[in-house]
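Here is the structure we will look at, set down as structure tokens.
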Amino acid sequence: MEGGININGIVLAGGKSSRMGSPKGLLDLNGRPFISHITAALQPLVHELFIVSDDATYDHFEGIRVPDIYTDAGPVGGIYAGLIRSTSFYNLILSCDVPLINSIVLNVLINNIEEGYDVIQLESEGQTLPLVAIYTQDCVAHFKDLLAAGERRLRSAVTGLRVKTIPLDTSLTPFVQNINTQTEYNSIKNELKY
């Protein structure tokens, strides 16, 4: 971990992957699963690393697996479980479907940490990326209330928080691409071949 602010890393790997048909974090890219690419980008920047998932397969990867507290609660539940387990105020949170993420992109978030915000997220090509973001421990009570009320939509959850949005330089756009479908997966594999 680099000097400065103490940050933990949390990777959300508990999704149903219904569009992909298999767990996205375990998909192979250049001989390594997505989760390994993501944890490798996080590792130099964080104090501790957590993978939120009920799937024991993730016990074999870098990081401590954290089970869900609320089942079938989507990313809101995943972030909540990760924040409850983390002892750091600042937490870099990533979904398991951004295998091209790198430390350069993550440092954009870290360098924009500022008091008074609950969430620091990126924006790429006009889309906010609440799953390539830093969340503080101040989010815990808000997320707990939402989960208790049955709210599972992350964008709804984030609108109730103090959010700082950082536009990402277009040269870094490919590194935040999330892979949700077989078509996107095939495309990224082909791009990396050539």
Taking the side chain as every heavy atom from C-beta outward, state whether [X] and [Y] have any pair of such atoms under 4.5 Å apart.
X	Y	value
Glu62	Ile51	no
Ile79	Leu154	yes
Leu26	Tyr58	yes
Arg152	Leu147	yes
Thr165	Val163	yes
Asn91	Leu83	yes
Lys24	Ile179	no
Phe143	Ile84	no

Partners passing salt bridge (charged side-chain N to carboxylate O under 4.0 Å, His left out) against Asp138 (at least two apart in sequence or in another chain):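 Testing Asp138 for salt bridge (charged side-chain N to carboxylate O under 4.0 Å, His left out), a comparison that skips the adjacent residues, returns Arg162.
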Where is the tightest heavy-atom contact between [X] and [Y], given as atom of each residue plus distance?
X	Y	result
Pro174	Leu100	O-CD1, 3.6 Å
Asn112	Val108	ND2-O, 2.7 Å
Pro44	Ala40	CD-O, 3.3 Å

Would Asn178 and Leu129 satisfy side-chain contact (heavy atoms from CB on, under 4.5 Å), going step by step from the backbone distance to the final call? CA-CA 10 Å; Asn178 61 336; Leu129 305 175; over 6 Å; no
Please determine whether the number of non-hydrogen atoms from other residues, nucleotides or ligands lying under 6.0 Å from atom [atom1] of [X] exceeds 12.
X	atom1	answer
Lys164	NZ	yes
Glu114	CD	yes
Ile64	CD1	yes

Nearest 0.5 Å please: distance from the [atom1] atom of [X] over to the [atom2] atom of [Y].
X	Y	atom1	atom2	answer
Ser36	Gln43	OG	CD	11.0 Å
Ile10	Ile134	CD1	CD1	11.0 Å
Thr128	Leu168	OG1	CG	12.5 Å
Tyr90	Ile120	OH	CD1	6.5 Å
Tyr117	Thr136	OH	OG1	13.0 Å
Arg32	Ile38	CZ	CD1	10.5 Å

Would a distance-only check, ignoring hydrogens and angles, find a side-chain to backbone donor-acceptor pair under 3.5 Å from [X] to [Y]?
X	Y	value
His37	Leu29	yes
Ser103	Ala41	yes
Tyr135	Pro130	yes
Asp68	Ala73	no
Glu151	Asp145	no
Gln137	Ser88	yes
Asn102	Val105	yes

Check against side-chain hydrogen bond (donor to acceptor under 3.5 Å, both in side chains), Thr57 and Asp55: CA-CA 5 Å; Thr57 307; Asp55 184 346; 2.7 Å; yes
Ile93 with Leu146, same ILVMFWY side-chain cluster at under 4.5 Å: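 In one cluster: no.
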Matching residue for Val11 among Ile35, Val66, Leu131 - test: side chain to side chain contact (heavy atoms under 4.5 Å, CB included):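 Testing Val11 for a side chain to side chain contact (heavy atoms under 4.5 Å, CB included) against Ile35, Val66, Leu131 leaves exactly one candidate, Ile35.
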Name of the residue among Ile7, Asn8, Ile101, Leu92 meeting side chain to side chain contact (heavy atoms under 4.5 Å, CB included) with Leu42: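 The side chain to side chain contact (heavy atoms under 4.5 Å, CB included) with Leu42 is passed solely by Leu92 among Ile7, Asn8, Ile101, Leu92.
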Derivation and outcome, side-chain contact (heavy atoms from CB on, under 4.5 Å), residues Lys189 and Asn30: CA-CA 8 Å; Lys189 285 194 295 185; Asn30 282 357; over 6 Å; no
Starting from the C-alpha separation in whole Å, work towards a yes-or-no answer on side-chain contact (heavy atoms from CB on, under 4.5 Å) for Tyr185 and Leu27. CA-CA 9 Å; Tyr185 179 41; Leu27 292 173; 4.0 Å; yes
